[in-house]
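Note sheet for the following structure.
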Amino acid sequence: MTVSAERRIAIIGAGMSGLICAEALQSEGCRVVVFDKARGPGGRMSTRRVPELGEGVGFDHGAQYFTVRSPTFAEAVEHWVHEGITAPWDGDVVAIGPEGITRSERHTVRYVGVPGMNGICRRLARSLDVRFGVRVAPVEHDGSGWALEDDQGQPLGGYDLVLCTAPAEQTAVLLGAAAPEIARAAEGVAMQPCWAVLASFDDRLAVHFDAAFVNRGPLSWVARTSSKPARNSSPDRWVLHAGAEWSTAHLEADAADVSRLLLTAFHEALDLPPRDPTWHTAHRWRFAIADAPLDAEVLYDPTLRVGAAGDWTHGNRVEGAFLSGVALARRVLEGTS
């Protein structure tokens, strides 16, 4: 049973999966509305703008870059590069461990969004009906279709299909009554948190690389976000990601304490003298990465006309999120399970 173009489709989540799915469905004539609780698109591909540091100055505080493996994603990335919303990042990426700094002999092509990681999602959202600042309540059936409300009880309209691209734990709550089997599958995927610290320094730090995988202490990754293409190179800006174990142990810690602890770990890992940043803040990603993502592409029930997608259903990477969104649109259009 295929889905006619006249049917109304609600998508929860304006990250990569949700927007790619929405674009594919809209291109086939479907009427699609995307809801997201954030102020803008991107999800974990978001970019934090800091006007007090200068016009256009920002931090990629979630996903840091993406790589390409599949032909389908490669075709999309080539188009995005031509459109100017994606560019290769030729940053020098090293590893820091107990033995010091090491460099991989394998060359990895890394891409970033332009002028921030959210550049791709912002471009996609411009051609779609996306409604930001909306927290959707758990989905309920009204007898003829799916009636959505926000968390204040305000109606968001009736829809023939509901597709959720939120993190696994949120998807389980949103679809618990609407699609119990999909909700149970989502419940089985534990999402790990990640504390991120954003720090700006007036003078460039004496670090001779652009990013590092950190294999000691509380940090897992540090990156000079100002080294990426189409970014302001000044002030010198760094993003620090804590590892999942440390983030879990400090999940409810005060953000100021997290900044202090991770900045200390940053200076120690990079063997730098302690130095206070001119500006810094901490951001908690409560649902950063799936501990054991599904290998299912998507979850979709053609009878209920409810589905779920995201990187947690297809491998934890930006590419996985993209492919999952594409696959969900295909399942909807074909009406297959």
Side-chain angles (χ1 to χ4, degrees), residues 1-38 41 43 124-125 127-189 287 294 296-310 312-314 321 324-337:
M1 178 172 50
T2 59
V3 176
S4 68
E6 290 74 25
R7 293 190 181 279
R8 284 175 52 83
I9 301 174
I11 296 179
I12 304 171
M16 175 64 81
S17 292
L19 294 174
I20 282 293
C21 182
E23 181 186 58
L25 292 171
Q26 182 170 277
S27 70
E28 294 296 325
C30 297
R31 295 179 294 164
V32 184
V33 181
V34 182
F35 298 99
D36 198 288
K37 63 183 180 181
L124 293 169
S127 61
L128 299 166
D129 183 356
V130 186
R131 304 176 190 182
F132 296 110
V134 179
R135 290 181 177 269
V136 179
V139 178
E140 295 184 359
H141 204 278
D142 65 0
S144 59
W146 299 106
L148 268 60
E149 294 183 346
D150 67 15
D151 60 348
Q152 302 300 310
Q154 296 300 309
L156 300 174
Y159 300 88
D160 301 290
L161 294 94
V162 173
L163 309 174
C164 188
T165 63
E169 293 182 26
Q170 295 174 334
T171 295
V173 173
L174 288 164
L175 301 184
E181 288 191 13
I182 293 178
R184 278 194 294 271
E187 284 176 352
V189 179
F287 307 112
L294 301 178
E297 256 193 348
V298 299
L299 303 171
Y300 183 62
D301 188 321
T303 302
L304 294 175
R305 291 179 176 166
V306 176
W312 59 272
T313 69
H314 199 44
S324 183
V326 170
L328 183 56
R330 184 178 66 248
R331 300 280 183 89
V332 168
L333 293 167
E334 294 174 350
T336 59
S337 58

For residues 178-187, run the donor-acceptor check on the side chains, cut-off 3.5 Å, and write out each pair with its distance to 0.1 Å, sequence neighbours left out.
none

Q.
On a heavy-atom basis, which atom in S17 and which in G310 lie closest, and how many Å separate them?
A. OG-CA, 3.3 Å
Approximate separation, where rounding is to 0.5 Å, of [X] [atom1] and [Y] [atom2]:
{"X": "I9", "Y": "C21", "atom1": "CD1", "atom2": "SG", "answer": "7.5 Å"}
{"X": "L156", "Y": "R135", "atom1": "CG", "atom2": "CZ", "answer": "13.5 Å"}
{"X": "R8", "Y": "R31", "atom1": "CZ", "atom2": "CZ", "answer": "6.0 Å"}
{"X": "Q26", "Y": "L128", "atom1": "CD", "atom2": "CG", "answer": "5.0 Å"}
{"X": "L163", "Y": "R331", "atom1": "CG", "atom2": "CZ", "answer": "12.5 Å"}
{"X": "L175", "Y": "L299", "atom1": "CG", "atom2": "CG", "answer": "9.5 Å"}

Partners meeting side-chain contact (heavy atoms from CB on, under 4.5 Å) with [X] (sequence neighbours left out):
{"X": "E23", "result": "I20, L124"}
{"X": "A38", "result": "D36"}
{"X": "E169", "result": "M191, F287"}
{"X": "T313", "result": "S324"}

Q | Residues forming a side chain to side chain donor-acceptor pair (under 3.5 Å) with D129, sequence neighbours excluded | A | R131
Q) Is there a donor-acceptor pair under 3.5 Å between the side chain of T171 and the backbone N or O of A166? A) yes
Q.
Quick test of your reading: applying salt bridge (charged side-chain N to carboxylate O under 4.0 Å, His left out), list the pairs with at least one residue in residues 136-157, sequence neighbours left out, ordered by first then second residue.
A. none
Q: Kindly state each residue pair satisfying ring pair (Phe, Tyr, Trp, His ring centres under 6.0 Å) with at least one member in residues 146-182, sequence neighbours excluded.
A: H141-W146
Q: Just grab all the ring pair (Phe, Tyr, Trp, His ring centres under 6.0 Å) pairs involving residues 160-185, residues at least two apart or on different chains.
A: none
**Q.** Worked check of side chain to side chain contact (heavy atoms under 4.5 Å, CB included) between F132 and K37
**A.** CA-CA 6 Å; F132 296 110; K37 63 183 180 181; over 6 Å; no
